[in-house]
Number of protein chains: 2
Amino acid sequence: MTGARRDGDDPRLEAILTALCADGGRATVQRRIVVSALLAGPRHVTAEELAATVQARHPDIATSTIYRTLEALDRQGVVQHAHLGHGPAVYHLNDTDHLHLVCESCGHVIEVPGSAYEAFARLLAEDYGFRVAPHHFAVQGRCGACAAEPGLPQRGGAVGA
Amino acid sequence: MTGARRDGDDPRLEAILTALCADGGRATVQRRIVVSALLAGPRHVTAEELAATVQARHPDIATSTIYRTLEALDRQGVVQHAHLGHGPAVYHLNDTDHLHLVCESCGHVIEVPGSAYEAFARLLAEDYGFRVAPHHFAVQGRCGACAAEPGLPQRGGAVGA
DNA sequence: TTAGCTGCAAAAGGTTTGCAAATTA
DNA sequence: TAATTTGCAAACCTTTTGCAGCTAA
């Protein structure tokens, strides 16, 4: 904590609004509210979750505005979204280089640092000419807790010869 | 090719139908047709694509039957589905150990062998206790051809301190 | 002033579901 | 016979879009 702040008074807010104005965009009251909610909330949010948060205090802000604001933020590189398997996309600030591990069993999301996939990314680049965009995908699997349990018995039912 | 075969006369068909019957399931005519189409078609198909293929010859088979059959096949481990970013899920036979690389720019899907992510999977298991289910996610990025082009300038717009 | 944004409501896309009738083991 | 599947249609969920009015630069 860097001292007492009023609600929504995050130092990153102005920088983000400036970024939004970069290509002729506007810093509207709605965008200010949406970005504040994003800065104040949990690290990963779906558009609907963010909409719920915002609309709790500002019921007059339309859900489509949330989607459009997130889209604009995404275009400016301020946020990124990832598809964590089934269900809606999650958005988060583009602040650290990381990767998402999603447990297929309990849905838990583990964030691992960029160093974890460095070698993997290098291999794909060298062998396949493929540049990984790590933030935009999630690695599916089972977390430590769930891997210990019986369910989802990893069938090896290969078909064919 | 192992010699001339009549349409849909794939040797894997019976094995798959048997698998479907394993837990009290039924080998219906519709399932037989859907599985045949799956065996005869391209490696990756969306449910809608498979429905179109099936319905071209059998317009009386409902799309929901395709979804339900794919779901049953998935449960039995005969097929697997992956979410390749935006858009519908793709299904494919659970036959080889591989990973999907999806180009965010042109949508091209590259299949790479399991050996490509072996070390990565080992690292995640050792450091995070996470067991990767590689078939169920796609690595997003840009393929060699698209990486050479200008578009999508990989902004580094990190927010924060 | 004028391009860009907003709210609303409707549509789109992909997938799931309730149900009565048909089919399978 | 009893349980499973099917086709149909409607619902569902997430996201996008058209448009007239509003607002920021």
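Basis for what follows: all heavy atoms, side chains included, without hydrogens, waters or symmetry-related copies. Each chain gets a letter, A, B and so on, in the order the sequences are listed, and its residues count up from 1. Everything quoted here is computed from the prediction, not taken from an experiment.
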Checklist entry - Of A:T63 and B:G87, whose closest DNA chain C nucleotide lies nearer the 5' terminus? => result A:T63
Item to check | Nearest-nucleotide 5' precedence on DNA chain D, B:L20 against A:A89 | outcome: B:L20
Item to check | Touch class at under 4.0 angstrom, heavy-atom based, for A:E48 against every strand present | outcome: base
Checklist entry - Roughly how many Å is it from CZ in A:R31 to C1' in C:dG7, rounded to a whole number? => result 15 Å
Next on the checklist: Going by ring pair (Phe, Tyr, Trp, His ring centres under 6.0 Å), name the pairs with one or both residues in residues 14-41 of chain A, residues two or more places apart or in two chains.
Outcome noted: none
Item to check | Residues in ring-ring contact (aromatic ring centres under 6.0 Å, His included) contact with B:Y91, at least two apart in sequence or another chain | outcome: B:H81
Could I get a table of every N or O pair under 3.5 Å where one atom is in the protein and the other is in nucleotides 8-11 of chain C?
| from | atom 1 | to | atom 2 | distance (Å) |
| --- | --- | --- | --- | --- |
| C:dC8 | N4 | A:S64 | OG | 3.4 |
| C:dC8 | N4 | A:R68 | NH2 | 3.4 |

Checklist outcome for this item: So ring pair (Phe, Tyr, Trp, His ring centres under 6.0 Å) across residues 14-66 of chain A, not counting sequence neighbours, yields A:H44-A:H92, A:H44-A:H100
Checklist outcome for this item: As a check of understanding: the bend across the helix from C:dT1-D:dA25 to C:dA25-D:dT1, end axes from five pairs, rounded to 10 degrees, works out to 40°
Could you write out each protein N or O paired with an N or O of nucleotides 21-25 of chain C at a distance under 3.5 Å?
| from | atom 1 | to | atom 2 | distance (Å) |
| --- | --- | --- | --- | --- |
| C:dT24 | O2 | B:R26 | NH1 | 2.5 |

Checklist entry - Who are the side-chain contact (heavy atoms from CB on, under 4.5 Å) partners of A:A62, not counting sequence neighbours? => result A:S64, A:T65
Item to check | side-chain contact (heavy atoms from CB on, under 4.5 Å) against A:P113, all qualifying residues, sequence neighbours excluded | outcome: A:S115, B:Y128
Item to check | Any residue meeting salt bridge (charged side-chain N to carboxylate O under 4.0 Å, His left out) with B:E111, in chain and number order, not counting sequence neighbours | outcome: B:R43
Item to check | Interface limits on DNA chain D, where chain A has a heavy atom under 4.0 Å of a nucleotide atom | outcome: D:dT14 to D:dA25
Item to check | B:E71: partners by side-chain contact (heavy atoms from CB on, under 4.5 Å), with sequence neighbours left out | outcome: B:R75
Next on the checklist: Going by salt bridge (charged side-chain N to carboxylate O under 4.0 Å, His left out), name the pairs with one or both residues in residues 17-41 of chain A, residues two or more places apart or in two chains.
Outcome noted: A:E14-A:R32
Item to check | Euclidean distance, atom CG of residue B:D74 to atom P of C:dT15 [Å, nearest integer] | outcome: 12 Å
Item to check | Interatomic distance where NE2 belongs to B:H83 and C1' belongs to C:dT15 [whole Å] | outcome: 11 Å
